[in-house]
Structure formats: structure tokens, C-alpha cells
Participant: 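Submitted below is the structure of interest, expressed as C-alpha cells.
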Amino acid sequence: MKQSRWRKTAAMAVLATGIGATLGGGYPGPEAEAAPAPALAPSLMDMAARAPHARNEMDGAAPSPQASNATAGKAARLDAPHQAAGAAPAPNAARRAPGAAAPGQAGKPAPPGGKSGLAVADAAVGQAMARPIASSAEARCPAQPTKPERPGEASQTDAPSRLVCLAVAFEATLTPPQREALRLPFTAKHAVSWSNRPVDEFPRNGIALGTLGEDSLEALKALLREALSEGGYDTARGIILADDKMSSAAGGNPRWGSALYHVAFLGDPSSREPWMLQLSGRHLALNLASNTRETGVTPMFLGIEPRLFSAGGRDWAVMEPRLESMYAMLRSLPPDQMAAARLGDSHADVLLGPGKDGHFPEAEGIPYSHLGEQQKQRVRASIAAWVRTAAPASAQALLAAYLSPEALERTYIGWSGSTDDRVPGSYVRIDGPRLWLETVTLAEEALPGRGHVHTVWRDRKADYGGCFF
């Protein structure tokens with residue numbers, strides 16, 4: 001039944017309370033500098049080394065990187081676990097009531113209520129995202145030395161990674177209730193609990209960025225920068241800032257801004273045991289797995305409205321290189337190949353968004369092997385533009401898999417709607433034996449004529465690190 005405006009407003013008020021107590025009275029202005037790093041003892045590297053194993057709950061134990069393929073097969077379809085008695089529904093199967101807390105998240109710190117409160121929170125998060133990472137946040141975990149080990153020194157392979165150190169550093173800036181809400185077991189139920197839908201329709205794992213103090217935001221930025229490539233981190237910042245532009249243009253819409261982005265750790269940050277860093281908001285969803293069976297940086301949802309804007313003293317166009325490469329590939333096809341690549345169905349949104357785990361369709365479009373050399377180069381460039389969002393080591397491993405001759409031989413290109421990336425319904429896809437990339441243009445929701453796109457990168461073998469599919 002369609003909700004009344006009053007009911008939606010009430011749901012958001014329930015969702016968004018209590019930030020004043022969390023932050024102790026407000027946000028810094030744009031001229032404020034990042035607070036110095038607190039003295040942390042014992043050292044963050046020591047804390048990371050002693051991080052406990054992921055907690056087990058009724059919904060199952062955290063996966064092992066050595067788990068057998070047979071075990072993976074049992075967990076391959078998430079439809080069944082979500083239909084089991086007591087299990088949470090799949091994201092698009094049955095949404096939670098607006099404003100309802102996610103399982104295990106009742107009572108967690110929430111961003112402020114009302115448009116004015118969320119506008120303040122958005123401004124604080126936006127100011128943090130627009131400025132460089134504070135040197136104090138980076139200094140908590142110096143880059144690990146590469147010099148040869150000397151007798152008596154601990155092996156670098158036994159030391160916590162810088163990513164783990166920065167995760168522990170971020171956690172150390174939080175209040176006890178925030179730390180409690182941040183961590184969840186690395187299970188299928190929690191891994192698939194991400195969305196690009198507004199938070200009142202689909203509550204997120206973890207803690208809202210609008211509840212974080214300045215020191216915590218700086219620590220989170222340092223963590224995200226380590227988890228992604230330089231360009232990937234810049235893309236994440238740009239998308240978050242674009243959501244604030246969108247929210248402001250809609251009169252402070254309390255469903256879209258940066259304050260409602262959530263961050264979560266699934267499992268305990270470790271250099272050996274599986275865990276995942278999850279960030280999810282209106283137009284960005286990151287699921288970055290570590291120590292898993294496969295190199296896991298997907299599913300990754302990247303969207304934006306507006307496509308071009310200014311914030312923090314610079315111009316932002318973070319999605320344009322990806323979109324330009326995709327449409328340059330499409331437009332390079334001669335008429336006969338363009339016709340062969342056309343898909344049978346039209347698409348109003350991405351096909352494999354949240355809640356569509358494992359639902360890959362049959363290959364459709366024109367095979368890569370039928371293309372000319374120029375077109376093949378553009379396909380490879382499009383794939384690389386997306387994959388290089390990931391941290392360099394992960395991107396290198398994935399590109400080797402996606403661009404192998406065997407993989408490209410089974411890769412297809414497809415499109416529908418329009419070849420003009422500004423027209424709603426324009427849709428382009430690259431579909432390989434593992435790789436899935438799709439982008440679609442949508443009608444603008446808040447800024448007419450400024451562009452609105454959704455994209456998804458998935459991997460048949462490595463979504464969520466290959467632990468559940």
C-alpha cells in the first residue's frame with residue numbers, strides 16, 4: 001500500500017536521531033583543519049595483529065579462504081538461504097518497512113532528524129570529502145618498509161597490512177556504540193545487504209557517515225584511499241559529493257545526501273582471515289573483500305547525478321572517463337555490427353543491481369571475436385577503465401583474467417535504447433565469462449539536463465570474494 005507523506009516523514013525521523021550526543025555539539029566549519037591523531041597505545045599494528053576472528057552468529061560462520069568448492073556450491077544461490085525460516089529476505093524480494101532497523105542494528109547511532117539536521121550533517125561529510133586526507137590520518141599507518149629483513153626482525157608477511165592497520169585506526173576513533181554497530185559477521189546475509197535505494201527503503205549495514213566526527217571521517221578517507229586506486233578513491237569522493245548536490249537541489253531531500261552513507265566491516269579486519277569493507281549510499285556501493293578465495297572488489301555500483309559539477313574549489317567529472325570509453329566502443333561499430341549488438345529488451349535501470357546476485361542472463365549481443373582490431377581495442381579500454389577503480393594489485397589480477405584470450409573469446413557487447421549517452425534508456429553492456437559491466441542513462445531526479453547514470457560491475461566468480469556464489 002502506498003505510504004502517506006506523513007508516514008515517510010515519520011519513518012525518516014525514527015531513522016535519524018541522536019547525532020548531537022554522538023558528536024558533542026556540532027560540526028566544524030569548512031575552514032577547520034583535521035584534528036591531530038590521538039595517541040593510540042598499543043600501536044595500531046599491534047592492535048591489528050591481535051584483532052579477533054570474525055564473530056559467529058546464528059546465521060552462520062565467516063568463510064575460510066580455504067573453503068572447498070563444494071562448500072561454495074552449497075552457498076552459491078542466495079535465494080534459498082534467504083527463503084529459509086528466520087532468514088532475511090533478498091533486497092528486492094521483500095523490503096523492510098521504511099525506517100526499520102536492519103537485523104542486529106537496532107539502537108545504533110543515527111544521523112540527525114529533519115531536513116535542517118541532515119543538511120548540517122551533509123555539509124560536514126561533504127566538506128571532509130572535498131578536502132585532502134589529513135596528514136595525521138595517513139601517518140597513523142606509515143607505508144610498510146620494503147627493505148630486506150634483518151635477523152631478529154618480524155617477517156613483513158606476518159605483519160598486518162596497511163589496509164588492516166587503517167581499518168583498526170578508523171575503528172579506534174569511534175565511540176563504543178559505533179564500534180559495536182560497525183562490525184557484522186562476514187556471511188551471505190550481510191554481504192548482500194547493500195543497495196542504491198534510499199536508506200528509508202533499504203536500511204544499510206554499519207554506521208552512518210553523518211554520525212562521524214571529523215577525526216573519524218579523516219580516518220575513513222585514509223582507509224578508502226588504501227582500499228581503492230587513486231582514481232577509484234577520487235571517483236568515490238565525487239559520487240558522494242554529487243549526491244549532496246542532488247539533495248540540495250531537491251530542497252534538502254533527506255533521502256539522498258552523504259550523511260546517510262553507511263560503512264561496515266563484515267568480519268574482523270585481518271591480514272589472513274576473510275573480511276569485507278562495505279560502503280553504501282545513494283549512488284555508490286563498494287564491497288571490497290580481503291583474504292578471500294578470489295580477488296573480490298565486486299559487486300560495485302557506481303552512479304551519479306549530476307555528471308558534471310563543482311565543489312570544494314574544483315570541477316568534478318569522475319564518471320566521464322568510464323562513460324566515454326563505453327560509448328566510444330559502441331559508436332565505433334559499423335552499422336552491421338551495431339545491428340548485431342542490439343539487445344532484444346529495453347532497460348530502465350541496471351539489470352544486475354542490488355538483490356540480483358547470481359542472476360546472470362544468457363550471453364547476448366555481438367561476440368568480441370567478430371569485431372575489428374580497432375573495436376577490440378576499445379572494448380579492452382572500456383574494461384580497463386572500470387577495473388582500475390580497484391587497488392592496483394587487485395586491478396592487475398582482474399585484468400589478467402578478463403583480458404585473457406580465452407576470456408575475450410567468450411565476451412559479448414550489447415546495447416539498447418539509444419547510442420546517445422544523454423538519452424534516458426540508453427544502455428550498454430560488456431558480458432564475459434566472468435566480467436559483467438553495464439551502464440544505463442536515467443531521467444534526472446533533481447537536476448534536469450545535468451545527467452543521471454547507473455552502472456554495475458559484477459564478477460560471476462569473484463563477487464564477495466567468491467565466498468557465496
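No experiment lies behind these values; they were computed from the predicted model shown.
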Participant: So does Glu138 pair up with Arg162, basic N to acidic O under 4.0 Å?
Facilitator: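 Between Arg162 and Glu138 there is a salt bridge, with a charged N closer than 4.0 Å to a carboxylate O.
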
Participant: Taking atom CH2 of Trp457 and atom CG of Asn287, what is their separation to the nearest 0.5 Å?
Facilitator: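 Trp457 CH2 to Asn287 CG: 12.0 Å, rounded to 0.5 Å.
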
Participant: Taking the basic N atoms (NZ, or NE/NH1/NH2) and the acidic carboxylate oxygens, is any pair closer than 4.0 Å for Arg460 and Asp431?
Facilitator: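 Judged by the 4.0 Å cut-off on N to carboxylate O distance, Arg460 and Asp431 do form a salt bridge.
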
Participant: Restricting to non-hydrogen atoms, name the atom on Pro361 and the atom on Leu351 that form the minimum distance, rounded to 0.1 Å.
Facilitator: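 So the minimum-distance heavy-atom pair works out to CG-CD2, 3.9 Å.
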
Participant: Dump the intermediate steps for side-chain contact (heavy atoms from CB on, under 4.5 Å) on Leu174 and Leu212, then the final yes or no.
Facilitator: CA-CA 8 Å; Leu174 303 178; Leu212 300 181; 3.7 Å; yes

Participant: Got more than 12 heavy atoms from elsewhere within 6.0 Å of CD, Glu320?
Facilitator: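 Result for CD/Glu320: enclosed.
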
Participant: Give a yes or no on whether the backbone of Arg388 and the side-chain of Ser229 come within a donor-acceptor separation of less than 3.5 Å.
Facilitator: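 A pair under 3.5 Å: yes.
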
Participant: When you compare the side chain of Thr298 with that of Trp386, does any pair of heavy atoms fall below 4.5 Å?
Facilitator: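 With C-beta onward as the side chain, the pair stays apart.
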
Participant: Where is the tightest heavy-atom contact between Ile430 and Ser382, given as atom of each residue plus distance?
Facilitator: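 Scanning both residues completely, I find the closest heavy atoms to be CD1-CB, 3.8 Å.
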
Participant: Check Leu352 against Glu438 and note the closest heavy-atom contact, atom names and distance.
Facilitator: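 Looking at all heavy atoms of both residues, the closest pair is N-OE2, 2.8 Å.
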
Participant: Just do the side-chain hydrogen bond (donor to acceptor under 3.5 Å, both in side chains) check on Asp349 and His454 with the steps written out, would you?
Facilitator: CA-CA 7 Å; Asp349 205 340; His454 288 178; 2.9 Å; yes

Participant: Measuring only between side-chain heavy atoms, which start at C-beta, is Glu226 closer than 4.5 Å to Tyr233?
Facilitator: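 No. Closest side-chain heavy atoms not under 4.5 Å.
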
Participant: If you define the side chain from C-beta out and look only at heavy atoms, does anything of Trp415 sit under 4.5 Å from Arg342?
Facilitator: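 Yes, close enough: below the 4.5 Å cut-off.
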
Participant: So with a 6.0 Å cut-off around CZ of Arg434, is the heavy-atom count from everything else above 12?
Facilitator: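 Yes.
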
Participant: For the residue pair Tyr427 and His347, does the interplanar ring angle fall in the parallel (under 30°), tilted (30 to 60°) or perpendicular (over 60°) class?
Facilitator: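 Rings of Tyr427 and His347: parallel, as their planes differ by under 30°.
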
Participant: Roughly how far apart are Ser325 OG and Leu437 CG, rounded to 0.5 Å?
Facilitator: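 Output value for this atom pair is 9.0 Å.
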
Participant: Using modelled atom types and a 3.5 Å cut-off, is there a donor and acceptor pairing between side-chain atoms of Arg293 and backbone atoms of Gly465?
Facilitator: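 Checked: no pair found.
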
Participant: Check whether Ser280 reaches the backbone of Ser195 with its side chain - one donor and one acceptor, N or O, closer than 3.5 Å.
Facilitator: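 Indeed, once roles are kept as given, a pair shorter than 3.5 Å links the two residues.
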
Participant: Test side-chain contact (heavy atoms from CB on, under 4.5 Å) on Trp436 and Asp463 and set out the steps.
Facilitator: CA-CA 11 Å; Trp436 174 276; Asp463 276 0; over 6 Å; no

Participant: Looking at side-chain heavy atoms only, is the closest gap between Glu230 and Arg225 below 4.5 Å?
Facilitator: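 Yes, at least one pair of side-chain atoms sits under 4.5 Å.
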
Participant: Using modelled atom types only, decide if a donor and an acceptor are shared between the side chain of Glu305 and the backbone of Glu445 within a distance under 3.5 Å.
Facilitator: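 Checking the backbone N and O of Glu445 against the side chain of Glu305, a donor-acceptor pair under 3.5 Å is found.
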
Participant: Do side-chain atoms of Gln278 reach the backbone of Gly206 as a donor and acceptor pair under 3.5 angstrom?
Facilitator: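 Side chain of Gln278 to backbone of Gly206: no pair is present.
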
Participant: Taking Arg204 for the side chain and Trp194 for the main chain, is one N or O donor matched with an acceptor at less than 3.5 Å?
Facilitator: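 No, because the side chain of Arg204 does not come within donor-acceptor range (under 3.5 Å) of the backbone of Trp194.
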
Participant: Looking at Arg183 and Glu171, does any basic side-chain N land under 4.0 Å from a carboxylate oxygen?
Facilitator: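 Yes.
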
Participant: Does the side chain of Met319 come within less than 4.5 Å of Arg307's, by heavy atoms?
Facilitator: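 Not touching, per the 4.5 Å side-chain cut-off.
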
Participant: Which is it for Asn196 and Arg282 under the side-chain contact (heavy atoms from CB on, under 4.5 Å) test, yes or no, and what are the steps along the way?
Facilitator: CA-CA 5 Å; Asn196 69 300; Arg282 179 65 183 99; 3.5 Å; yes

Participant: If you compare all heavy atoms of Thr292 against all heavy atoms of Cys467, which two are closest, and at what distance to 0.1 Å?
Facilitator: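 Smallest interatomic distance, heavy atoms only, reads CG2-SG, 3.4 Å.
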
Participant: Is the Trp275 ring parallel, tilted or perpendicular to the Phe265 ring (thresholds 30°, 60°)?
Facilitator: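 Ring orientation, 0 to 90° scale: perpendicular.
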
Participant: Shortest non-hydrogen contact from Val456 to Gly353?
Facilitator: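 Shortest heavy-atom separation between Val456 and Gly353 comes out as CG2-CA, 4.2 Å.
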
Participant: Looking at CG of Asp122 and CD of Gln127, how far apart are the two atoms once the value is rounded to the nearest 0.5 Å?
Facilitator: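 That separation rounds to 10.5 Å.
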
Participant: What distance separates Leu302 CG from Leu286 CG, expressed to the nearest 0.5 Å?
Facilitator: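 So the CG of Leu302 and the CG of Leu286 are separated by 7.0 Å.
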
Participant: State, to 0.1 Å, how close Val423 and Thr441 come at their nearest heavy-atom pair, and which atoms those are.
Facilitator: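 In terms of heavy atoms, the two residues are closest at O-CB, 3.3 Å.
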
Participant: Compare all side-chain heavy atoms of Val263 with those of Leu277 and state whether any distance is below 4.5 angstrom.
Facilitator: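 In contact.
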
Participant: State, with a plain yes or no, whether a side-chain heavy atom of Leu442 is found less than 4.5 Å away from one of Val453.
Facilitator: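 Not touching, per the 4.5 Å side-chain cut-off.
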
Participant: Determine yes or no for a side-chain-to-main-chain donor-acceptor pair under 3.5 angstrom, with Gln178 supplying the side chain and Thr175 the backbone.
Facilitator: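 Checking the backbone N and O of Thr175 against the side chain of Gln178, a donor-acceptor pair under 3.5 Å is found.
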
Participant: Do Val428 and Met329 have side-chain heavy atoms sitting under 4.5 Å apart?
Facilitator: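 With C-beta onward as the side chain, the pair touches.
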
Participant: If you measure from CD on Glu218 to CZ on Phe170, what distance do you get to the nearest 0.5 Å?
Facilitator: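 One gets 12.0 Å once the value is rounded to the nearest 0.5 Å.
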
Participant: Give a yes or no on whether a salt bridge exists between Arg131 and Glu214, defined as a side-chain N under 4.0 angstrom from a carboxylate O.
Facilitator: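 Salt bridge flag = yes for Glu214 with Arg131.
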
Participant: With a 3.5 Å distance limit and no angle check, can you tell me whether Glu444 reaches the backbone of Gly451 through a side-chain donor-acceptor pair?
Facilitator: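 Answer holds: yes.
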
Participant: Decide side-chain contact (heavy atoms from CB on, under 4.5 Å) for Asn205 and His262; before the verdict, give the C-alpha distance in whole Å, the side-chain angles of both, and the deciding distance to 0.1 Å.
Facilitator: CA-CA 7 Å; Asn205 293 328; His262 280 62; over 6 Å; no

Participant: If the plane angle is over 60° it's perpendicular, under 30° parallel, otherwise tilted; pick one for Phe468 and Phe186.
Facilitator: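 Rings of Phe468 and Phe186: perpendicular, as their planes differ by over 60°.
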
Participant: Does Ser258 offer a backbone N or O that forms a donor-acceptor pair with the side chain of Asp243 under 3.5 Å?
Facilitator: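 No, because the side chain of Asp243 does not come within donor-acceptor range (under 3.5 Å) of the backbone of Ser258.
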
Participant: Roughly how far, to the nearest 0.5 Å, is the OH atom of Tyr412 from the CZ atom of Arg429?
Facilitator: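 Result: 12.5 Å between the selected atoms.
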
Participant: Show your reasoning for whether side-chain hydrogen bond (donor to acceptor under 3.5 Å, both in side chains) applies to Thr173 and Asp215.
Facilitator: CA-CA 7 Å; Thr173 69; Asp215 197 41; 5.2 Å; no

Participant: Any side-chain to backbone donor/acceptor pair from Lys245 onto Ser310? Under 3.5 Å, distance only.
Facilitator: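 Checked: pair present.
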
Participant: Assess the residue pair Thr235 and Arg322 against the criterion (side-chain hydrogen bond (donor to acceptor under 3.5 Å, both in side chains)); give the C-alpha distance rounded to whole Å, side-chain angles, the decisive distance to 0.1 Å, and a yes or no.
Facilitator: CA-CA 11 Å; Thr235 297; Arg322 297 171 181 82; 3.0 Å; yes

Participant: Could you tell me whether the side chains of Ser426 and Ser418 share a donor-acceptor contact shorter than 3.5 Å?
Facilitator: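 No, no side-chain donor-acceptor contact under 3.5 Å.
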
